[in-house]
Engineer: 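Below you will find the structure I want to go over with you.
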Amino acid sequence: MGFHRCTGVVLTILHLLFLVNGILLHPQRFPLSSSKNNLRSRQHIKRILKYDEAAPPLHVGIVDALSSIYEEKIEPLEDSFHYDDLDDGNDMSVQEIQAGPMVLLLGPWSSGKTTLINYLLDTSLLRVGAEPTTSEFTVISYGNKLKKTDGRVLVADRSKEYAPLQKFGKNFLERLTNVEIPHPLLKKITIIDTPGVVENRKQLERGYPYNKVMKWFIERAELILMVFDPNKLDIGREFETLFKQLRGKESQIRLLLNKADNVDSRDLMKVYGTLYWSLGPLLNVTEPPRIYMGSYWSYEYKPSPNTSMFKNEENCLLKDFKNLIDNDVENRIAAVRQHAIKVRIHANLVNEYLNQFYTEWSLFTSEYVAAANVIAFPEKFDIFRNVYRRLNINPRDLSGREVYKQFFAVHELSSMTSLAQQCTFFYGCPIAKLNDAINEALPALLTTLLNLKSRHEEL
């Protein structure tokens, strides 16, 4: 309900501005002083986020139970069917389940992403500037003291969830860093600062698989902030690719029009409209995108008739952060269940490939030819149709033929083990355990959590 109230206030103000923009005066412009007197209060951030409050102890037990379900019922099939090697696959680990929610910042270079982080954390430790300053992926997490760690050390730390990033190579690890800051908000969330999106082809030669790295972080982020500068609204090829990777995450995206107090009221409406109509077609949603307008840095707003609107917008954004923190464990359970469903689809697809392979392989057809036919022409054998009918799922939930061509180029079809072959007398069937996790264990764990939270709130 808070979201709708915020939206209603913004739209009302926008409509008024459209009506009266002909008589609004341009705000006075002046250089900002670096004096402490000109710094913005952060008391509202602490008040809304309540980051000093300890998490209820019940969360620890629920997360431990969630980790056990993953290890015992999901991970075995994930490993036996090499789910991590699927191009569309999304690897998971106990470390990731135990970690707090991830907030990902995206946007053009010098749009104010790093400045926003400095503002939230009441620090100036992260370097900012008018030119591109963030050429790295920076993991900003909690630590008892200020500490900076390079990517090679970060991925080698098995107590953290970043080991899978090793697969993106040495060049990427040189552009990955971890900054630990002793701020209580970072006990509840981890923030990821990313290199600015650039549309200059020469700058696109990053030296590592940028799109794949970005996809890895997008899949794990619970809140995605896309930060825009009013003077940098060009949407080019790299941005379009980025939005394709964001499909399915639309409910977690927040669009921020930053530095809005640098724009007079009439021009601000034009900028808002340009951003609104540029991004609308790229987001796979029926409702128009939500855009927060404001100035997300440590200094006071420049004089403007829109200052009250900017403050309200910021409070609404902070409430989204608070909802993320409050619903953290529920989101973890949902994420593990969704992951389990994807593993089940993959296991069933590989199993169907195996079934058709064994049917095709006969005295008159060699093993190699049979495998090649099934992999090259899965439609001929109704592989995908058989699976989505059996599992009663949308065909769009299945990875494509090309994805499995690449998968079987790494793992020979004839070397795979079917679902039935993995069942044993003493340990049962891994697929039955996976089904139990999806249909029984995870929903029951969520119900337990909600009941505990309800009792805790009543006390």
Side-chain angles (χ1 to χ4, degrees), residues 1-10 40-56 59 63 96 99-107 111-123 125-126 138-143 179-194 217-228 246 249-258 260 289-298 301 309-335 453 457:
M1 290 188 62
F3 173 84
H4 294 295
R5 285 198 298 270
C6 292
T7 305
V9 171
V10 173
R40 196 183 302 178
S41 170
R42 291 175 174 79
Q43 287 303 309
H44 64 294
I45 298 177
K46 185 175 182 180
R47 173 175 52 81
I48 294 174
L49 297 184
K50 300 179 180 178
Y51 49 68
D52 283 333
E53 294 183 1
H59 286 184
V63 172
E96 182 179 335
M102 180 186 292
V103 177
L104 179 66
L105 275 79
L106 308 174
S111 59
K113 300 185 295 295
T114 309
T115 304
L116 186 155
I117 298 170
N118 279 337
Y119 172 53
L120 280 175
L121 301 179
D122 195 8
T123 184
L125 294 170
L126 304 173
T138 306
V139 177
I140 302 151
S141 57
Y142 180 81
V179 177
E180 294 183 357
I181 300 175
H183 191 285
L185 177 58
L186 296 175
K187 290 182 178 181
K188 298 180 182 293
I189 63 172
T190 297
I191 303 174
I192 310 296
D193 197 8
T194 63
F217 282 106
I218 286 172
E219 287 175 340
R220 285 156 181 76
E222 291 294 337
L223 184 63
I224 300 171
L225 306 183
M226 300 200 71
V227 187
F228 292 91
L246 288 167
K249 304 280 286 188
E250 287 83 3
S251 65
Q252 296 162 302
I253 298 172
R254 302 292 181 269
L255 306 177
L256 277 62
L257 182 57
N258 197 16
R290 170 76 164 94
I291 301 175
Y292 295 83
M293 294 191 292
S295 183
Y296 301 97
W297 70 333
S298 300
Y301 297 97
M309 177 180 71
F310 296 152
K311 290 180 178 179
N312 180 70
E313 291 276 80
E314 182 179 319
N315 287 341
C316 289
L317 180 63
L318 291 172
K319 289 173 184 176
D320 282 343
F321 273 82
K322 185 63 168 66
N323 287 334
L324 173 68
I325 294 168
D326 290 344
N327 298 319
D328 171 30
V329 182
E330 293 96 312
N331 290 337
R332 294 193 215 188
I333 296 172
K453 287 184 72 172
E457 291 169 358

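Any value given below was found using the heavy atoms of this structure, including those in side chains, with hydrogens, waters and symmetry copies removed. Just so you know, residue 1 is the first one in the sequence shown, and it goes up from there. Worth saying up front: this structure is predicted, and the values here are computed from it rather than measured.
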Engineer: For a 4.5 angstrom cut-off between non-hydrogen side-chain atoms, does N315 reach H44?
Structural biologist: yes

Engineer: Quick check: are there more than 12 heavy atoms from other residues, nucleotides or ligands sitting under 6.0 Å from NZ of K311?
Structural biologist: no

Engineer: Holding to salt bridge (Lys or Arg N to Asp or Glu O under 4.0 Å), I want the full list of residues that pass it with K46, two or more places apart in sequence or in another chain.
Structural biologist: D52

Engineer: Test of understanding: with side-chain hydrogen bond (donor to acceptor under 3.5 Å, both in side chains), list the residues that count as partners of D122, not counting sequence neighbours.
Structural biologist: R42

Engineer: With a 3.5 Å cut-off and no angle check, do the side chains of D320 and Y292 form a donor-acceptor pair?
Structural biologist: yes

Engineer: Measure the shortest side-chain to side-chain distance between I189 and I191 over non-hydrogen atoms and say whether it is less than 4.5 angstrom.
Structural biologist: yes

Engineer: Applying ring pair (Phe, Tyr, Trp, His ring centres under 6.0 Å), can you list everything that pairs with Y296, at least two apart in sequence or on another chain?
Structural biologist: none

Engineer: Do L223 and F321 come within less than 4.5 Å of each other through their side chains, counting heavy atoms only?
Structural biologist: yes

Engineer: With a 4.5 Å heavy-atom cut-off, do L317 and L225 have their side chains touching?
Structural biologist: yes

Engineer: Would you call K453-E330 a salt bridge at under 4.0 Å N-O?
Structural biologist: yes

Engineer: Taking all non-hydrogen atoms of both residues, which atom of E222 and which atom of P101 are closest, and how far apart?
Structural biologist: CG-CB, 4.0 Å

Engineer: Ignoring hydrogens and angles, state whether a donor on the side chain of D193 or T114 is under 3.5 Å from an acceptor on the partner side chain.
Structural biologist: yes

Engineer: For W297, does its backbone N or O pair with a side-chain atom of T115 as donor and acceptor, under 3.5 Å?
Structural biologist: no

Engineer: With a cut-off of under 6.0 Å to the ring centre and 45° to the axis, is K188 in cation-pi contact with Y51?
Structural biologist: no

Engineer: State, yes or no, whether a side-chain contact exists between V179 and V139 at a heavy-atom distance under 4.5 Å.
Structural biologist: no

Engineer: Given Y142 and H183, is the side chain to side chain contact (heavy atoms under 4.5 Å, CB included) satisfied, shown in steps?
Structural biologist: CA-CA 7 Å; Y142 180 81; H183 191 285; 5.6 Å; no

Engineer: Please walk me through it: do E313 and S295 pass side chain to side chain contact (heavy atoms under 4.5 Å, CB included)?
Structural biologist: CA-CA 10 Å; E313 291 276 80; S295 183; over 6 Å; no

Engineer: Find out whether M226 and R254 are in side-chain contact, i.e. whether some heavy atom of one side chain is under 4.5 Å from a heavy atom of the other.
Structural biologist: no

Engineer: Side chains of I192 and I140: does their closest heavy-atom pair fall under 4.5 Å?
Structural biologist: no

Engineer: Does a side-chain heavy-atom distance below 4.5 Å link V227 with S111?
Structural biologist: yes

